[in-house]
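Heads up, the thing below is written out as structure tokens.
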Amino acid sequence: MRANVKTLGSVTVVNLAGYISFESTEPFRNGCLKHLIDKEVVFDVSALSFVGSCGIQDFLGVLRE
């Protein structure tokens, strides 16, 4: 998975590309929690080709936190 982060005003836009699988969920979750906590974030997932069930679970977990 690749992530490109940019800031547009007060909003952080995270463009995700590739795939989120079991192997990439922990680094994705840790990176989001480290860099995106307390920010207004928009995830652009249009370039993802695959998201495994673990990826969905961690993605939703990040959104809740």
Fellow cluster residues of L33, listed by chain then number, with links counted only when side-chain atoms sit under 4.5 Å apart: I37
Hydrophobic cluster identity match, L48 and V42, side-chain contacts under 4.5 Å: no
Under 3.5 Å, which donor-acceptor pairs link side chains of residues 2-20 to any protein atom two or more places apart or in another chain?
none

Those residues that, when tested against S46, pass side chain to side chain donor-acceptor pair (under 3.5 Å) (two or more places apart): D44
Partner set under side chain to side chain donor-acceptor pair (under 3.5 Å) for S21, not counting sequence neighbours: E23
Pairs satisfying salt bridge (Lys or Arg N to Asp or Glu O under 4.0 Å), at least one member in residues 25-35, at least two apart: R29-E65
Side-chain heavy atoms of L36 within contact of F43, under 4.5 Å: yes
Partner residues of N30 under the side chain to side chain donor-acceptor pair (under 3.5 Å) criterion, sequence neighbours left out: none
For F28, ring pair (Phe, Tyr, Trp, His ring centres under 6.0 Å) partners two or more places apart: none
